[in-house]
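Only one structure is covered here, and it is reproduced in the block below.
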Amino acid sequence: MEREPQKIREGYLVKKAIFNKWKPMWVTLLEDGIEFYKKKSDNSPKGMIPLKGSTITNHCQDFSKRMYVFKITTTKEQDHYFQASHQEERDAWVKDLKKAVKCIEDGQRFARKSTRRSIRLPDTINLSELYISMKDPDRGIRVLKLEKDKKVFNQCFTGTCVADWLISSKSVRNRQEALMLSTALLNEGHLHPANDVAKNAAEGLAETTLVDTSDALYYFPDSGFFCEENSSDDDAIPREEFRGIVVKQGCMRKQGHRRKNWKVRKFVLREDPAYLHYYDPASGDDDPCGAIHLRGCVVTAVEDMMDGKFTKA
């Protein structure tokens, strides 16, 4: 019996369509190809791109107004362009795509690294529980806003901080064990490399892939990490609502005010001052469609819609 392809990654991306139009799509990466849907709830995909023999191109410069675009070129020399909402999202998609193509070539199943087999962790260590402790706002690793190489890295920390915390929390006995445990956390996706120093080490062949220096930066997944250029132009002063630090961004569906229909929008959450800006990802414009000043707002989690209305969670 032939098994179903494994689902590797999914999320909203903006796909280039005909006549140079771009449309938001719900994209699912499988072991053998990519399926894209008009909506997340659709049962049948709008199309499928086979990955066997395909070439993945990161840092695609074919479109001057659009950032974070990557390209899939199939064996039939057909180019498919996708745009992510930010650099880290694009890099994650490209990494998994390249690995999926390599697995097809080698006749292997797509699988994350097996940490316990590769570096022989003791059975007493629970990486998930350790990850939760590291994210504790009071006793965990302190996340910072750091500047490196003319870039600003928000919500991140250094490799040295990781090793220091593991030792101070008595999770390990010495620095060598701290590096081995840090490598395990990286392999399992509990830590992500933020800058080039950390990324180069993570993609290398060294036994320990975490760099124990203040030059290597890392972040927690879903922490709101964001990297931006640090402009030296003193005259480039943003409007007050754009002064806040970006803490999270990505695509979601938003209900309209008048027609009450739903459209995919890119959201950027900032703090101090707290604003939620939303953009049309299909247009590629830098100006937001709208903004929500969050001061004094009440945020309520809701469940699925029933008869056109939400039910509170």
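Here the structure is a predicted model, which means the values were calculated and not measured.
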*Are Val264 and Tyr68 connected in a single hydrophobic cluster, I mean Ile/Leu/Val/Met/Phe/Trp/Tyr linked by side-chain heavy atoms less than 4.5 Å apart?*
no
*CD1-CG distance between Ile72 and Leu97, expressed to the nearest 0.5 angstrom*: 5.0 Å
*Kindly indicate, with the supporting measurements, whether the criterion side-chain contact (heavy atoms from CB on, under 4.5 Å) is fulfilled by Lys7 and Leu30.*
CA-CA 5 Å; Lys7 185 185 294 185; Leu30 304 173; 4.1 Å; yes
*Could you give me the CA-CA distance, side-chain angles and deciding distance for Arg175 and Asp164, then say whether salt bridge (charged side-chain N to carboxylate O under 4.0 Å, His left out) is met?*
CA-CA 8 Å; Arg175 214 155 192 88; Asp164 289 345; 2.6 Å; yes
*asked:* Quick check on side-chain hydrogen bond (donor to acceptor under 3.5 Å, both in side chains): which of Asp79, Thr55, Thr57 does Thr73 satisfy it with?
replied: Asp79
*asked:* Looking at Lys52 and Asp32, is any side-chain nitrogen of the basic one under 4.0 Å from a carboxylate oxygen of the acidic one?
replied: no
*For the pair Trp93 and Phe70, name the ring-plane relationship: parallel under 30°, tilted 30 to 60°, perpendicular over 60°.*
parallel
_With a 3.5 Å distance limit and no angle check, can you tell me whether Tyr278 reaches the backbone of Ile292 through a side-chain donor-acceptor pair?_
no
*asked:* Restricting to non-hydrogen atoms, name the atom on Leu13 and the atom on Ala84 that form the minimum distance, rounded to 0.1 Å.
replied: CD2-CA, 3.8 Å
*Can you tell me how far the NZ atom of Lys16 sits from the CH2 atom of Trp22, to the nearest 0.5 Å?*
7.0 Å
*Would Lys99 count as a cation-pi partner of Phe110, with NZ or CZ less than 6.0 Å from the six-membered ring centre and within 45° of the ring normal?*
yes
*Report, as yes or no, whether the 6.0 Å neighbourhood of atom NZ on Lys76 holds more than 12 heavy atoms from other residues, nucleotides or ligands.*
no
*Between His277 and Tyr279, what is the ring plane arrangement, given parallel below 30°, perpendicular above 60°, and tilted in between?*
tilted
*Is there a side-chain contact between Leu269 and Gln249, using heavy atoms and a 4.5 Å cut-off?*
no
_Asp42 (side chain) donor-acceptor with Ser44 (main chain) under 3.5 angstrom_ = no
_Pair Thr158-Thr160, side-chain donor/acceptor within less than 3.5 Å_ = no
*Mark yes when over 12 heavy atoms from residues, nucleotides or ligands other than Gln78 sit less than 6.0 Å from its CD; otherwise mark no.*
yes
*Flag yes if more than 12 heavy atoms outside Lys23 fall under 6.0 Å of its NZ atom; otherwise flag no.*
no
_Reported CG-to-CG distance for the pair Leu181 and Leu186, which is rounded to 0.5 angstrom_ = 10.5 Å
*asked:* Within the supplied structure, the quantity of interest is the number of heavy atoms (other residues, nucleotides, ligands) at a distance under 6.0 Å from Asp136 CG; does it exceed 12?
replied: yes
*Side-chain contact, heavy-atom cut-off 4.5 Å: Asn195 with Lys151?*
no
*What distance separates Phe157 CZ from Trp165 CH2, expressed to the nearest 0.5 Å?*
10.5 Å
*asked:* According to a hydrophobic-cluster definition based on side-chain heavy atoms being under 4.5 Å apart (Ile, Leu, Val, Met, Phe, Trp, Tyr only), do Phe82 and Val101 belong together?
replied: yes
*asked:* Is there a side-chain contact between Ser128 and His190 in this structure, where contact means two heavy atoms from C-beta onward sitting under 4.5 Å apart?
replied: yes
_Less than 4.5 Å apart, side chain to side chain, heavy atoms only: is that true for Val247 and Asn154?_
no
*Using a 4.5 Å cut-off on heavy atoms from C-beta on, say whether the side chain of Asp91 contacts that of Asn58.*
yes
_cation_pi(Lys254, Phe267) dist<6.0 Å, angle<=45_ = no
